[in-house]
Amino acid sequence: MSVQRNYEREFVRTFFTSPTAIKEGDDSAKMLRRAASLRGMQAPDVWIPDNEDATAPNMRAEGARNIVEVVAEHGADFPGEIHPRIEWHRDRPTTRLNGFEYMREIADPENGAVEHIDGFVIPEVGDIDDWKKADEAFQLVEAEHGLEAGSLSMSVIVESGEAEIALNRIRDEMGKPSNTLERMFMLVDGEVDYTKDMRAMTPTGELPEWPELRHNTSKGASAAGLVAVDGPYDNIRDVEGYKQRMEDNRAKGMTGIWSLTPGQVEVANTAPLPPVTGTWLLDVDGEEVELVADGDTQVYDGDDLSLEATGDGYVLTVGGDEHHLDEDELREQLLDMTSYVPSMDDIVDSMEEFEAAKESGMGAIAMTQAATLVIDGVEVSLEKDRMWDEATYQAAQTPITLFQDVYEHRPDQHEELAERYGADVVERATQVGS
């Protein structure tokens, strides 16, 4: 039995925060206005007008007013969801009261913004009882303003050991008569405050990687039908590091990531999408090297691997170690060292082929991957078969489901997606698996 999801979006790629008020020039809301104007791949799936850490405490009252003004004016045209982040703290009643009052102001229908607001983000939550306190604040705001019960979603930022433990309880607590926690939407990691709460230290002072937290958040989201989002990657110039963080996260089932700039938004919006072209990889002494496509061949262009044809076989040298192999042994060795990253077209082709086979009564089929490798001018033809059954099909479907979710909810990106993949591939990708 699959977990029930209470929101249409199954995937959130980008969680983009903007300060709500800044002391610079005449317009304290200019960062909000700039964010509200983003479109296409630079516009996030979820925009967070951040009336907490990104905004100075003495500017937050003005920040709440700015949210109302900007969202009322531009919210209808913004292509993503809008979830303001308010003040909250598990140990500070006065902070919780501030957040509650800001939420009341922002959600007041007379101010004209709430019809464009999808929910609120609650930081610094504690144990599950604190999550219920936040939920009650939502209930009070909805009741006061005559909003439909549960119409405002709640997302939390996991920034403490207490909140991490609560991840294991959220599924059991959702839907109890004493709360409306089914309004939960996103679970977001906040590694900076989490590091402080855990009293963690590193020699350089940099944040720990916290793979356990990311795994636990993804697991909690999966169990409760929610969306998992990783915290900010604050080295905004390290694009490759940002991409690697997202790749590691996707292997844990966490697609979304915090974005601090429109540039990061664009990277995070495109990175989870299936590749445009397929890529062959070669494992060379523990490091995956991307082969260079040259016509119908895949060429290794490096110095850590060499191949020489001899009179009675081949000499394959890897990291200084020589392997004397006959043709079959060489082929087996290289098959073990190679892997293939399929393109969008490849995935759609394979899914369509399996669907056709299943329709004809076959429960499993073999899919063949073939390539001709060139190492030091020596060509070696490789071919490997992979059995596809229903489980393989469903696993391959995840990136397509992501694409379909994006295509449905982000029509402002349709043109860029067609340019990226081609209109025919996009059309097939929207239909396969449905």
Side-chain angles (χ1 to χ4, degrees), residues 3-7 10 12 15 46 48 50 52-53 83-100 103 118-141 150 152-200 207-232 249 252-258:
V3 176
Q4 178 181 345
R5 292 185 179 272
N6 295 316
Y7 294 94
E10 293 186 46
V12 167
F15 179 99
V46 175
I48 314 298
D50 189 349
E52 200 230 5
D53 279 353
H83 297 250
R85 178 188 186 186
I86 62 167
E87 291 184 60
W88 192 267
H89 199 284
R90 57 195 175 277
D91 297 328
R92 300 175 195 154
T94 55
T95 303
R96 296 196 296 271
L97 179 60
N98 287 341
F100 173 65
M103 189 159 55
D118 299 276
F120 290 90
V121 176
I122 309 297
E124 297 282 9
V125 290
D127 62 19
I128 197 66
D129 288 336
D130 191 48
W131 298 36
K132 294 177 184 178
K133 289 177 188 173
D135 169 58
E136 186 171 6
F138 279 78
Q139 293 183 48
L140 293 172
V141 167
L152 295 172
S153 75
M154 178 172 118
S155 301
V156 303
I157 305 182
V158 180
E159 300 178 274
S160 66
E162 291 175 86
E164 185 178 17
I165 291 171
L167 294 171
N168 293 325
R169 297 191 57 191
I170 182 63
R171 176 178 179 175
D172 293 334
E173 294 293 333
M174 290 172 70
K176 286 186 176 180
S178 59
N179 67 63
T180 54
L181 283 174
E182 58 266 33
R183 73 171 71 248
M184 290 291 305
F185 176 42
M186 293 181 293
L187 302 176
V188 185
D189 283 340
E191 285 93 346
V192 176
D193 282 295
Y194 182 84
T195 298
K196 177 185 68 177
D197 182 76
M198 296 293 286
R199 302 171 69 184
L207 291 179
E209 288 290 322
W210 295 121
E212 307 92 341
L213 174 64
R214 290 180 282 145
H215 170 74
N216 290 339
T217 301
S218 183
K219 179 177 66 175
S222 176
L226 307 177
V227 170
V229 176
D230 191 17
N249 287 343
K252 298 178 175 67
M254 177 182 279
T255 301
I257 191 168
W258 205 307

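One is the number of the first residue; the rest follow in order along the sequence.
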Between CG on residue Leu213 and CG on residue Leu167, distance to nearest 0.5 Å: 7.5 Å

Parallel, tilted or perpendicular, as decided by the 30° and 60° cut-offs, for the rings of Phe185 and Tyr7: tilted

Heavy-atom side-chain proximity of Phe120 to Val141 below 4.5 angstrom: no

Spacing of OG belonging to Ser155 relative to CZ belonging to Arg85, to within rounding of 0.5 Å: 12.0 Å

Donor-acceptor under 3.5 Å (Asp127 side chain, Asp129 main chain): yes

Beyond-backbone contact of Trp258 with Val188, side-chain heavy atoms, under 4.5 angstrom: yes

Gap between atom CD of Glu173 and atom NZ of Lys132 - 0.5 Å precision: 3.5 Å

Separation of Asp91 CG from Glu124 CD (nearest 0.5 Å): 9.0 Å

Any donor-acceptor N/O pair, Ser222 side chain to Ser218 backbone, under 3.5 Å: no

Residue pair Gln139 / Arg183, side-chain heavy-atom distance below 4.5 Å: yes

Heavy-atom check, side chain of Phe15 versus side chain of His83, under 4.5 Å: no

Main-chain N/O of Asp118 paired to Ser153 side chain as donor or acceptor, under 3.5 Å: yes

Val227 versus Ala221, closest heavy-atom pair with distance: C-CB, 4.0 Å

Test item: Arg96 side-chain N/O and Arg90 main-chain N/O as donor-acceptor pair under 3.5 Å: yes

Euclidean distance, Met254 CE relative to Arg214 CZ, rounded to 0.5 Å: 7.5 Å

Asp197 side-chain N/O to Asp193 backbone N/O, donor-acceptor pair under 3.5 Å: no

Nearest-0.5 Å distance, CE of residue Met154 to CD of residue Glu182: 11.0 Å

Under 3.5 Å donor-acceptor, Ser160 side chain and Val125 backbone: yes

Flag side-chain contact, heavy atom, 4.5 Å: Lys176 against Leu181: no

Close side-chain approach of Lys196 and Tyr194, heavy atoms under 4.5 Å: no

Verdict with reasoning, Asn179 to Trp131, per side-chain hydrogen bond (donor to acceptor under 3.5 Å, both in side chains): CA-CA 10 Å; Asn179 67 63; Trp131 298 36; over 6 Å; no

Phe138 side chain near Met103 side chain, heavy-atom distance below 4.5 Å: yes

CA sep, side-chain torsions, deciding dist, call: Asp135, Thr180, side-chain hydrogen bond (donor to acceptor under 3.5 Å, both in side chains): CA-CA 7 Å; Asp135 169 58; Thr180 54; 2.5 Å; yes

Test item: Glu87 side-chain N/O and Thr95 main-chain N/O as donor-acceptor pair under 3.5 Å: no

